[in-house]
Amino acid sequence: MKEHRAKIKAFLARVFGNYDLQDNEDIFGLGFVNSMFAMQLILFVEQEFKISIENEDLEIENFNSINALVNLIERKTTVLTSN
């Protein structure tokens, strides 16, 4: 889980620069994220963590913070390893 968090933070740092993004901050609410970046974020998560984001996963609550992303990845990888 720490590894997931570190990878997500590194990816988001490209957009947030020197801003000290906290794990529970709403990245959409801060105004840094546009719809193009949202798509890039989804692609990053799929490729980096080898998971598939389904239509039912496309809720803003799954992507609006580092904590939300880590939780989504954990849920998706748990499903994969239990099958």
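FYI, side chains are in, hydrogens and waters are out, and symmetry mates aren't considered; it's all heavy atoms of this structure. Numbering starts at 1 and runs along the sequence shown.
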Rounded distance (nearest 0.5 Å) linking atom CD of E48 with atom NE2 of H4:
10.0 Å
Min side-chain heavy-atom separation L69-N62 under 4.5 Å
no
Is I8 reachable from L43 through a run of I, L, V, M, F, W or Y residues, each pair having side-chain heavy atoms under 4.5 Å apart?
no
Begin with the C-alpha distance, continue with both residues' side-chain angles, and end with the deciding distance and a verdict on side chain to side chain contact (heavy atoms under 4.5 Å, CB included) for I51 and I73.
CA-CA 8 Å; I51 60 175; I73 293 162; 4.2 Å; yes
Where do E61 and A68 come nearest, in terms of heavy atoms and distance?
O-CB, 3.1 Å
Given the rule in the salt bridge (charged side-chain N to carboxylate O under 4.0 Å, His left out) test, do K9 and D23 qualify, once you have shown the distances and angles that lead to the verdict?
CA-CA 9 Å; K9 281 186 173 191; D23 290 354; 3.1 Å; yes
Before accepting this row, confirm whether a basic side-chain N of the pair D57/R75 lies closer than 4.0 Å to the acidic partner's carboxylate O.
no
Pair I42-L58, side chain to side chain contact (heavy atoms under 4.5 Å, CB included): steps then yes or no
CA-CA 9 Å; I42 292 167; L58 295 176; 3.6 Å; yes
For the CD atom on E56, are there more than 12 heavy atoms of other groups (residues, nucleotides or ligands in this structure) within a distance under 6.0 Å?
yes
Supply the atom-to-atom distance N24 CG to N67 CG, rounded to the nearest 0.5 angstrom.
6.0 Å
Centroid separation F11 to F37 less than 6.0 Å:
yes
Hydrophobic clustering (ILVMFWY, side-chain heavy atoms < 4.5 Å, transitive) - are M39 and F28 grouped together?
yes
Quick one: sort the F44 and F49 rings into parallel, tilted or perpendicular, breaks at 30° and 60°.
perpendicular
Are the side chains of I53 and L72 in touch, meaning some heavy atoms are under 4.5 Å apart?
yes
Candidate pair F16 and L30, rule side chain to side chain contact (heavy atoms under 4.5 Å, CB included), full reasoning:
CA-CA 10 Å; F16 287 79; L30 291 170; 3.9 Å; yes
What is the distance from atom CG of N64 to atom CG of D26, rounded to the nearest 0.5 Å?
4.5 Å
What is the minimum heavy-atom distance between E74 and T77, and which atoms define it?
O-OG1, 3.3 Å
Between L12 and L41, does the side chain to side chain contact (heavy atoms under 4.5 Å, CB included) criterion hold? Intermediate values first, please.
CA-CA 8 Å; L12 292 175; L41 180 58; 4.3 Å; yes
Which heavy atom in S65 sits nearest to a heavy atom in E25, and how many Å separate them?
CB-O, 3.3 Å
